[in-house]
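What follows is a set of notes on a single structure, which appears directly below.
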2 protein chains.
Amino acid sequence: MAQTNGRTNRRDIYLKLRQMVLTLELAPGAALSENELAASMGVSRTPVRESLILLAQEGLVQVFPKIGSFVSRVDPGQVADAQFLREAVELASLDDLPAALDPAIVGELRANLDRQRRADLGLEEFFGLDEAFHQGLMRLSGHGNVWTTVAAAKGHLDRARRLGLHENVSPAVFVAQHREIFDAITGGNVPLARTAMRTHLRAVFDDIERIRAHSPELFATDASSVPVRRNIVVWE
Amino acid sequence: MAQTNGRTNRRDIYLKLRQMVLTLELAPGAALSENELAASMGVSRTPVRESLILLAQEGLVQVFPKIGSFVSRVDPGQVADAQFLREAVELASLDDLPAALDPAIVGELRANLDRQRRADLGLEEFFGLDEAFHQGLMRLSGHGNVWTTVAAAKGHLDRARRLGLHENVSPAVFVAQHREIFDAITGGNVPLARTAMRTHLRAVFDDIERIRAHSPELFATDASSVPVRRNIVVWE
DNA sequence: CGACAGATGCTTGTATACAAGTACTTCGCG
DNA sequence: CGCGAAGTACTTGTATACAAGCATCTGTCG
């Protein structure tokens, strides 16, 4: 999302903090201190504070005046909302595919898939390729910018997915599903593409309840509950 | 969207500025000054500035460091994106309607429709009822919270709609379409509801090109062009 | 030993001062 | 009269100081 133009400390810090939250480097429930963050990053409170406000609007951080700021616990409700949103948008996008696909984007997607199939694929690498793949599909139908909105809304979903793949399987099954979707699209079979896409998106989603049972402390129960400051949630 | 809890100056100012932008009280292209706004509102730059940053992330304001802040011109690209997004979400939501509709929400929608049909309906009143109506439909299928995301993304679309109805017709035709959608849903006819909804949403959208031809200065041409500070766009 | 109260250290919200840079204006010169 | 350059007034970005409030810890009293 285009916010402030030009390079500012705020933009750098915002992107850095956002990445740390999404990659779980900053665990759900962890306490954030504007002063601490500012000191550790070598800047004043101002850019840090403004970044936290932006992250709060995205729902990734909760700010309680005079109490503290915390990384939001993964909210199952928000995960479900993001799932519904992305499914609606990505499926509708398939209906807007042009008769002649942009060869540049098709080539880009093919190269992306090739990299996904590498045996030594790391998890972070996979997430980056996955993001680019789905965004590329949206661009194929001329709705690339809408992906920005979806991406901003699916922070809780992404964190839930990371929790799942962290302790679990290889992303091989997802890579195969990506391939199916791609083949259906390039083959001009939109109904098949829709089916494959829906199956793919739900496969990710259906794993979340299992994760929640395994690590309940990372999930929110009461949306308005305030995490305790000293009780920093450690990684395990 | 849950951002900062509790009452703060920032929240008040943010909501107020947002409303002024969406209602075109602050015209597209108008220059905003943190100092002026702060003085006129009787607060310091801080809460005003933080509000502008939030509005910038929503795309309603553009901030150019060391140059100035401006109300975003209506971007036809963002209007189209919002149209696609809301259509995808609201149509998908119809597929998730439960067999037994929540009678409380149904009653609320019925009362909303009754108020829409009042002869002396003002424009601002209509927009408020329209917003509540569409959100109510989403709640009917359990996706009420997703409306928040859609609402945040459709600022440019809303401003374009306001421009259209400002110089034009009564909202009577839209009210009738709302009725059609409602009847199809309560009648259990989902396919008809989908058709009615799509027709309704596109009727709004198709009017925009006409508006753009009439008031081109309120629309963005080059997304990165900087409005001139002194050249405040007057309502005319 | 237990409970209550005050002090202390932390938090975010707000106000203000300074820094860096842009654009317009005005003054001087050819 | 035209043009150029310095100056001035504005902009946002950042740093810092102060205000208000919550939570915990500690000391004291029963």
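Just so we're on the same page: letters track the sequence lines, and every chain starts at 1.
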**Check: dG13(C) base within 3.5 Å donor-acceptor of Arg7(B) side chain** =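 Checked by distance alone, the answer is no.
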
Measuring to OP1 and OP2 of [N], would you say a side-chain N or O of [X] lies under 4.0 angstrom away?
X	N	result
Thr8(B)	dG13(C)	no
Arg49(B)	dG13(D)	yes
Ser69(B)	dT12(D)	yes
Asn9(A)	dG13(D)	no
Asn35(B)	dC10(D)	no
Thr46(B)	dT14(C)	no

Check the orientation of [X] and [Y]. Use parallel for under 30°, tilted for 30 to 60°, and perpendicular for over 60°.
X	Y	answer
His178(A)	His200(A)	perpendicular
Trp147(A)	His134(A)	parallel
Phe84(B)	His143(A)	parallel

**Prompt:** Counting any heavy atom closer than 4.0 Å, what does Leu32(A) reach on the DNA or RNA strands: base, sugar-phosphate only, or nothing?
**Reply:** sugar-phosphate

In whole angstrom, give the distance that lies between atom [atom1] of [X] and atom [atom2] of [N].
X	N	atom1	atom2	answer
Ile67(A)	dG13(C)	CD1	P	11 Å
Ile13(B)	dT14(C)	CD1	P	8 Å
Asp12(A)	dG13(D)	CG	C1'	13 Å
Phe70(B)	dC10(D)	CZ	P	15 Å
Tyr14(B)	dG13(C)	OH	C1'	18 Å
Met41(B)	dA15(C)	CE	P	13 Å
Ile53(B)	dT14(C)	CD1	P	13 Å
Glu34(B)	dA15(C)	CD	P	14 Å

Nearest listed nucleotide, side chain of [X], among [options]:
X	options	result
Ser44(B)	dA15(C), dG13(D), dG21(D)	dA15(C)
Ser33(A)	dT12(D), dT11(C), dT14(D)	dT11(C)
Lys66(A)	dA15(D), dA20(D), dT14(C)	dA20(D)

**Prompt:** Distance from Ile13(A) atom CD1 to Thr46(A) atom OG1, nearest 0.5 Å?
**Reply:**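 Atom-to-atom, Ile13(A):CD1 and Thr46(A):OG1 are 10.0 Å apart.
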
**Request:** Would you kindly check if the NZ (Lys) or CZ (Arg) of Arg161(B) is within the cone defined by 45 degrees around the ring axis of Phe127(B) and under 6.0 Å from the six-membered ring centre?
**Result:**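 Checked: cation-pi criterion not met.
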
**Asked** With nearest nucleotides of DNA chain C determined for Arg45(B) and Glu50(B) from heavy-atom distances, which residue corresponds to the more 5′ nucleotide?
**Response** Glu50(B)

